[in-house]
Each structure stands twice: as structure tokens, then as C-alpha cells.
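It should be emphasised that the depicted structure is a prediction, and the values quoted were computed from it without experimental measurement. Positions are given from 1, in the same order as the sequence printed here. In listed order, ligands and their atoms are each counted from 1.
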Amino acid sequence: MDKKVTVIGAGNVGATAAQRLAEKELCDVVLIDIVEGVPQGKALDLAEAAPIEKHDAHLTGSNSYEASAGSDIVIITAGIPRKPGMSRDDLIGVNAGIVKNVSQQVAKYSPNAIIIIVSNPLDAMCHVAYEASGFPKNRVIGMAGVLDSARFRAFISMELNVSVENTHAFVLGGHGDTMVPLPRYSTVAGIPITELMSKERIDALVKRTASGGAEIVSLLKTGSAYYAPASAAVEMAESILKDKKKILPCAVLLQGEYGFQDLFIGVPVKLGAKGVEEIIEIKLLDEEKAALKKSAAAVEELKGVLKKLA
Ligand code: APR
């Protein structure tokens, strides 16, 4: 294929993202991991499924970054996932070191790539990747809002018994307990859900969305969600690879937008061939602004932890 995407971390999220990229025939895929044999084995297994799945994407696995050279996009999923009782923030000590090292390698071998970060705690890991890669801000993007919005959409569809395709949702802010689902901008066939559900039911869905990751962790017990996170990362990659210019909520570096300075946080952006092509500032009510501010404060706090770790 004429596009190349490298997925770093051939674990649950990484391997699932590789599968979705290949089966949608978006690009050739390189899987990289530190564990010997795992990226090679998973890439070969996926390649052997290709005749049945009917795609011609080439899949390769490697422990060396040379295989990733010249990638158009690099999706970073390397790191540890959380276990029951852990918050995403608890991962910061281990994952900051991993994401720093990985981002330096990405910058060396794929200097023109667009990085999509999946490793948690998401917004803090975006700061690490931005600094370690030295890439411009339009080429470092965090995957969180698309996943959180998909979870909100799934719950709206279950609640109202309507097609998921009719649902649209917006979740802004950091990827944690303080995320900001916006019911006013969440719709079913264009109708705001505030017209379709009671405040109590909306509040319940908002709460379930904010703890959506923890709900999966408590069920799986040995790790965290990966099907929906992989889908979300691939939707972002597809918009970039095809220059679709989709408006998606993503974690990007704000420099004045929404009143925040030098902070990665989730806001609606336009994703195209250049990566982040526009940050869209939507009007927020005072209470929504306050919620976003609280969420930003939580990300600022993690930035402080990163400074201490450095
Ligand atoms: N370089 C490359 N790969 C690495 C490195 C590294 N320095 N360190 C760890 N890995 C690999 C592991 O070997 C493992 O295969 O990252 C992979 C992570 O996979 P899983 O443990 O299955 O975790 P996963 O569920 O995929 O989550 C990965 O994404 O959603 C987030 O919170 C989640 O931070 C976690 C990340």
C-alpha cells in the first residue's frame, strides 16, 4: 500500500489497531515491541488471515525501529495498562519513561510522521511525546475524546434503543475522571439528547461515560479496554491518511485556545493530511467552562509530576 503506519506496542490495543488498519486496507502496518517474537508472531498471524479477510496490506513485526522508518503515522500504545483499583494516573511513573524513549526513536526514524498517543495517562503522555520527539504541535495528537465519545454514544443508543449510527456525542477535557461530556452537543439524528431524556438519565450516562474505562478494567481484571481504544485510534489515523478532515475530539496542545496555555487537553479538532489542521472553539456555558477548567487543573497537576520525574 502507499501509506505506512507503525504501531508501537504489540499488546492488546496495538495488535487490535494493527488488525483494524489492515482489514480496512488503509496502509501497510509495522508492529514494534520490546518482547522478542511477539510483534513478529502477531504480524505473521494477521498476514495469514489476509487471504480470508481479503486485504493486501502488508504486515511486519520487529523489535527494531529500523523497520518503522519513513512511517506516515506512528501510533504509540507501548506501556503498562491499569489493573482494578488503579487510576490512569498511577501509570505515569512507568509509562513516562517508555513513551519518552519510544518518541525519540520515532523522531529518529520517521521525522515526518504524525504521532497518535494511546498510552496512559493520556494527556501527560502527549506532553512527554511532544517534548521527546521535538515535533510541531500539529503532529502530536492524543487519542481520548473519540473513545470517550464512542462510549457515550453506545450508552445513548442502548438507552433510547436507536442505531449507534444516529448518535453523535462530544466529550472534552482530560482523559480521566474529570472528563467533560457535553449533553447539549450530543444528539440523536440531530436532536439534542437534552430533548429526549430526563436530566437524571443523562446524568447517569455521563457518569458511566466518565468511568467507562474503569468499568471495563473491573470486568477484565487483568488489563484495560482495547477494542474500542483501537477503533478510536484507527478512526483518527483514517481521517489523516485519507485527508478526510473529520472533526473529532482529540488531545492537542492548546496555546491560548479555550483560555489554556501550553496544555494538552481534549477539544474538537479537524484531522487531515497535516495532522491537526484546526482547533475548533465552541461556545461553552459557564458550568461547562468550569468543568473544563477543573479537568485542565488535573492535567496541570500531572505535568507537575512529570517535572519531578525528569
Ligand atoms: N517499547 C515497545 N513496546 C513496549 C515497551 C517499549 N519500551 N514497553 C512495553 N511495551 C509493550 C509491551 O511489551 C506490551 O506488549 O507494550 C505492550 C502493551 O500491551 P498491553 O500490556 O497489552 O497493554 P494495552 O492494553 O495494549 O495498553 C497499552 O494503552 O490504553 C492504554 O492504559 C493503556 O497505557 C496502556 C496502553
Worksheet item: Do NZ/NE/NH1/NH2 and the carboxylate oxygens of R151 and E215 come within less than 4.0 Å?
Response: no
Item to complete: Determine, for K245 against D243, whether the closest basic-nitrogen to carboxylate-oxygen distance falls under 4.0 angstrom.
Response: yes
Suppose we measure from [atom] to each protein heavy atom; which comes out shortest, and what is that distance?
atom: atom 30 (O) of ligand 1; value: N120 ND2, 3.7 Å
atom: atom 24 (P) of ligand 1; value: V13 CG2, 3.8 Å
atom: atom 19 (O) of ligand 1; value: G11 CA, 3.2 Å
atom: atom 18 (C) of ligand 1; value: G79 O, 3.2 Å
atom: atom 36 (C) of ligand 1; value: T77 O, 3.3 Å
atom: atom 22 (O) of ligand 1; value: N12 N, 2.8 Å

Worksheet entry | No-hydrogen, no-angle side-chain donor-acceptor test under 3.5 Å, S231 and R20 | yes
Practice prompt. Would you kindly say whether T6 and S68 are connected by a side-chain donor-acceptor distance under 3.5 Å?
Written response: no
Contact check: [X] vs ligand 1, nitrogen or oxygen atoms, below 3.5 angstrom:
X: I80; value: yes
X: N101; value: no
X: D33; value: yes
X: S119; value: no

Worksheet entry | Sidechain-backbone polar pair: E23 side chain, H55 backbone, donor-acceptor under 3.5 Å | no
Worksheet item: Atom OG of S211 and atom CE of M179: how far apart are they, to the nearest 0.5 Å?
Response: 8.5 Å
Discussion item. Nearest 0.5 angstrom please: L241 CG to K24 NZ, how far?
Written reply: 11.5 Å
Worksheet item: Where do L31 and L59 land on the side chain to side chain contact (heavy atoms under 4.5 Å, CB included) test, with the steps shown first?
Response: CA-CA 8 Å; L31 262 177; L59 290 129; 5.9 Å; no
Worksheet item: Mind checking whether Y109 and Y65 have parallel, tilted or perpendicular rings, split at 30° and 60°?
Response: parallel
Worksheet item: Of the options I114, I141, I116, which is the one that meets L271 in a side-chain contact (heavy atoms from CB on, under 4.5 Å)?
Response: I141
Fill in: Sub-4.0 Å atoms of ligand 1 with respect to non-hydrogen atoms of N95
34 (O)
Worksheet entry | ligand 1 atoms in contact with V35 (distance to a heavy atom under 4.0 Å) | 13 (O)
Fill in: Residue selection (non-hydrogen contact nearest atom 8 (N) of ligand 1) among I34, I117, I75, N63
I34
Worksheet item: When you measure from atom 21 (O) of ligand 1 to each heavy atom in A233, P81, G213, which option holds the nearest one?
Response: P81
Worksheet item: Any idea which part of I98 is under 4.0 Å from ligand 1, heavy-atom wise: side chain, backbone, both or neither?
Response: side chain
